[in-house]
Amino acid sequence: MAVSNVQSAYDKLNAKSGVQTANEAGAADRFLKLLVAQMQNQDPLSPMDNAQVTSQMAQIQSVTGIENLNKTVQGLSGQFVQMQALQGASLIGREVIVPGNKIVIANGVGEGGFELNSAADSVKVEVLGPSGHVLDTLNLGAQAAGAHNFSWNAGSNATATGVTFRVTAMSGSTKLDSTPLMHDTVSAINTSGDSLTLELKNSGNVAYSQVKAFN
């Protein structure tokens, strides 16, 4: 196969892929130069046939196709983040439930929650003051696996700040894993980077994926 025919075959294959970027064109030109050098230095008694040349041309086109696919996926990812931002804007001012152990007191009542990986025979919630001392204890009895809410009558602590809680869940004599959950309010959204972040009133920045529920 003549060198001019190699160039012609390359041009035809290249035309099918549309306009190339500078990087893609540079990679393709380097490939062509290597292929031409290979043909110029081939054994005259055992020259490359058309099938070999076509196969090598197809390889460079496959690489170009993969690069184009990656760019398409990146574009879709950017559009997805934009869609998340539009959805997130509607969440501003709404209450959410996220991992955390702070209790926000409103109208004399504090609210919190927890999530259990498995059913518990007994669950105890201890409400803690700013210094870590126990203000109150709630015995919630047996609880199924999953998410649960609780309310606490703050009484004389209605104006207290920095109140937290801890959960102790037991199955017989075995302590179970639990995740504390807190109520918070969305103040703003942040779309910097490749994910959506919610700016919460009490918890700061929390990834959208960390939200357990919307109220």
Side-chain angles (χ1 to χ4, degrees), residues 76-215:
L76 291 174
S77 178
Q79 292 177 7
F80 178 70
V81 172
Q82 292 177 355
M83 290 176 61
Q84 277 192 322
L86 291 174
Q87 292 176 339
S90 66
L91 298 176
I92 295 177
R94 292 189 59 182
E95 187 178 275
V96 295
I97 297 177
V98 294
N101 69 337
K102 296 179 182 178
I103 291 182
V104 178
I105 303 172
N107 299 320
V109 177
E111 293 186 339
F114 55 90
E115 186 173 28
L116 301 177
N117 294 334
S118 56
D121 296 335
S122 64
V123 175
K124 178 177 67 174
V125 175
E126 293 175 297
V127 181
L128 310 175
S131 63
H133 62 285
V134 178
L135 297 176
D136 201 353
T137 300
L138 307 176
N139 292 304
L140 304 182
Q143 299 289 331
H148 303 272
N149 292 319
F150 67 85
S151 297
W152 170 62
N153 187 351
S156 60
N157 297 294
T159 59
T161 59
V163 178
T164 61
F165 67 95
R166 64 180 172 222
V167 178
T168 303
M170 304 293 295
S171 176
S173 59
T174 302
K175 186 176 181 180
L176 303 177
D177 291 333
S178 62
T179 302
L181 303 175
M182 61 178 287
H183 295 249
D184 213 329
T185 304
V186 180
S187 300
I189 61 170
N190 190 330
T191 58
S192 61
D194 57 357
S195 62
L196 179 65
T197 301
L198 303 181
E199 296 181 12
L200 304 183
K201 182 178 179 180
N202 300 298
S203 306
N205 294 337
V206 174
Y208 181 84
S209 59
Q210 292 295 308
V211 176
K212 297 293 185 179
F214 297 95
N215 291 338

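These figures come from a predicted structure and were not determined experimentally.
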Counterpart residues, side-chain hydrogen bond (donor to acceptor under 3.5 Å, both in side chains), relative to [X] (two or more places apart):
X	result
D136	W152
E111	none
N202	D184

Residue pairs involving residues 118-142 (criterion ring-ring contact (aromatic ring centres under 6.0 Å, His included); sequence neighbours excluded):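 The answer is none; no pair qualifies.
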
Would you compute the distance between atom [atom1] of [X] and atom [atom2] of [Y] and round it to the nearest 0.5 angstrom?
X	Y	atom1	atom2	result
I189	T197	CD1	OG1	10.0 Å
I103	M182	CD1	CE	9.5 Å
E95	K201	CD	NZ	10.5 Å
L198	T185	CG	OG1	11.5 Å

Other residues, nucleotides and ligands only: do more than 12 of their heavy atoms fall within 6.0 Å of CG on N205?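 Count over threshold, so yes.
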
Could you list the residues that satisfy side-chain contact (heavy atoms from CB on, under 4.5 Å) with A207, not counting sequence neighbours?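 Only S209, Q210 meet the side-chain contact (heavy atoms from CB on, under 4.5 Å) criterion with A207.
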
Return the minimal non-hydrogen interatomic distance between [X] and [Y], and the atom names on each side.
X	Y	result
K102	F165	O-CE2, 4.0 Å
A160	V163	CB-CG2, 3.8 Å
I92	S187	CG2-O, 3.6 Å
L138	S151	CD1-O, 3.8 Å
P180	N101	CB-CB, 4.0 Å
G113	F150	N-CE2, 3.4 Å

Aromatic plane relationship, Y208 with F214 - under 30° parallel, 30 to 60° tilted, over 60° perpendicular: tilted

Answer whether the closest heavy-atom distance between the side chains of I97 and N149 falls below 4.5 Å.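 I97 vs N149: side chains touch.
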
Does a side-chain heavy-atom distance below 4.5 Å link H183 with V104?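 Of all side-chain heavy-atom pairs linking V104 with H183, none is under 4.5 Å.
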
Let me have the donor-acceptor pairs involving side chains of residues 115-127, under 3.5 Å, with sequence neighbours excluded, atom names and distances please.
{"unit_1": "E115", "atom_1": "OE1", "unit_2": "K212", "atom_2": "NZ", "d": "3.4"}
{"unit_1": "D121", "atom_1": "OD2", "unit_2": "G172", "atom_2": "N", "d": "2.8"}
{"unit_1": "E126", "atom_1": "OE1", "unit_2": "R166", "atom_2": "NE", "d": "2.6"}
{"unit_1": "E126", "atom_1": "OE1", "unit_2": "R166", "atom_2": "NH2", "d": "3.4"}

